[in-house]
Amino acid sequence: MNQRGSYRGRFAPSPTGPLHAGSLVAALASWLDARAHGGQWLVRIEDVDTPRCVPGADQTILQQLAACGLHADAPPVWQSQRTTYYQQALDQLVAQGMAYPCACSRKDIEAALAQSGHRRPRNGELVYPGTCREGLHSKAARAWRLRTESFRSTQWTDRRLGPHQQDVALEVGDFVLQRADGLYAYQLAVVVDDAAQGVTHVVRGEDLADNTARQILLQRALGLPTPHYLHTPLVLGPNGEKLSKQNGAAALDTASSEAAFHALRTAAVALGLSQSPANTAPQALADWTSQWQARWVCAPSVPAA
Ligand code: GLU
């Protein structure tokens, strides 16, 4: 498969803090995959969930990437400047009868689930019982949801993790497209932007794999193409939990070129790449690109995870 020229990948950090060791793994993997395919690599700042964003974190992340030698092929894009497109996509879904307004609070959802004996929180998320699917019953709309019942079980093959299947209607329920606070949901924004930016390959952390079926449903509902997916291994902290800004992962030190190179080498090890004899970041990146190409581009997809 020769995707030279047509390949577009991206790194899409949420500016909720600086990059940490875990997020650099996803950044490096997406950069290597783009380079190994001879494709383009884009950076998108996912600041759609404004209450979670930390002022200045976007600039810190861009500086950290640059310090590591991970340069994008186009200027970065900020989701906060793209809300018109998210609204257009939502309007399209409403016009198609695929999105509906919902008046339920979390308490209402919990009560409806308890009443029907279906209290099935999944990854801490409640499966929406469909209360407002047939109308608001004169309550005020709070959020907008995607109508999922007409979709069959979604199947997709991750380049690293292999075949996946999820019945979104059953396992997640009609999910939120626009939240009660008016903010557009991550699922909608990411699908609209991946398509608008012509992204052909998504490479991101394994913690996001569970969102993929929802994103594929949305792509189908909006008539957009589905990219290839590769989810990278997570970096665990000393307590065995995934490193995340939420659980206090330390910011990457990229203040000096030595520190940045050290951070890159650690990320490369997490990706299963062998140490490079190179003593500068650009040389090591070239070396890892060849290794990546042999493993993920030339080899058939889905070796043992
Ligand atoms: N913005 C998301 C995050 O930082 C990543 C989204 C994606 O790569 O699809 O967790």
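Basis for what follows: all heavy atoms, side chains included, without hydrogens, waters or symmetry-related copies. Residues: numbered from 1 along the sequence shown.
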Residue pairs fulfilling ring pair (Phe, Tyr, Trp, His ring centres under 6.0 Å) with at least one residue in residues 258-294, sequence neighbours excluded: Trp292-Trp296
Check the orientation of Trp41 and Trp31. Use parallel for under 30°, tilted for 30 to 60°, and perpendicular for over 60°. perpendicular
We want to know whether His231 and Arg204 form a side-chain donor-acceptor pair, criterion being a heavy-atom distance below 3.5 angstrom. yes
For a side chain to side chain donor-acceptor pair (under 3.5 Å) check, start with the C-alpha distance between Gln283 and Asp287, then their side-chain angles and the critical distance, and finish with the verdict. CA-CA 6 Å; Gln283 286 167 353; Asp287 200 356; over 6 Å; no
Short side-chain to backbone donor-acceptor contact, His20 and Pro18, under 3.5 Å: no
Modelled atom types, side-chain donor and acceptor of Gln79 and Tyr186, under 3.5 Å: no
Is the ring pair Tyr128/Tyr100 parallel, tilted or perpendicular, if the boundaries are 30 and 60 degrees? tilted
For Pro101, what residues pass the side-chain contact (heavy atoms from CB on, under 4.5 Å) criterion, not counting sequence neighbours? Leu136, Ala141, Trp144
Tyr85 OH: over 12 foreign heavy atoms closer than 6.0 Å: no
Pairwise side-chain contact, His164 with Thr212, heavy-atom cut-off 4.5 Å (strictly under): no
Donor-acceptor side-chain pairing of Glu46 and Ser14 below 3.5 angstrom: no
Do you see a donor-acceptor pair shorter than 3.5 Å between the side chains of Gln96 and Gln92? yes
My understanding is that only residues two or more places apart in sequence, or in another chain, count here; which of them pass side-chain contact (heavy atoms from CB on, under 4.5 Å) with Ala259? Asp253, Ser256
Between Thr148 (side chain only) and Val168 (backbone N and O only), is there a donor and an acceptor less than 3.5 Å apart? no
Can you list the steps and then say if Arg44 with Asp194 is a salt bridge (charged side-chain N to carboxylate O under 4.0 Å, His left out)? CA-CA 10 Å; Arg44 183 170 73 228; Asp194 281 340; 2.9 Å; yes
Evaluation steps, salt bridge (charged side-chain N to carboxylate O under 4.0 Å, His left out), between Asp181 and Arg179: CA-CA 5 Å; Asp181 57 9; Arg179 305 178 351 185; 2.7 Å; yes
Please walk me through it: do Gln166 and Thr154 pass side chain to side chain donor-acceptor pair (under 3.5 Å)? CA-CA 5 Å; Gln166 188 179 69; Thr154 307; over 6 Å; no
Check whether the side chains of Ser30 and Asp33 place a donor and an acceptor atom closer than 3.5 Å, and report yes or no. no
Have Tyr86 and Gln178 got a donor and an acceptor in their side chains that come within less than 3.5 Å? no
Taking a hydrophobic cluster as the set of Ile, Leu, Val, Met, Phe, Trp and Tyr residues connected by side-chain heavy atoms closer than 4.5 Å, whether directly or through intermediates, do Phe151 and Ile216 fall within one such cluster? no
From CA spacing to verdict: salt bridge (charged side-chain N to carboxylate O under 4.0 Å, His left out), Arg52, Asp47: CA-CA 8 Å; Arg52 285 184 57 229; Asp47 57 348; over 6 Å; no
Without swapping roles, check the side chain of Arg147 against the backbone of Arg133 for a donor-acceptor pair under 3.5 Å. yes
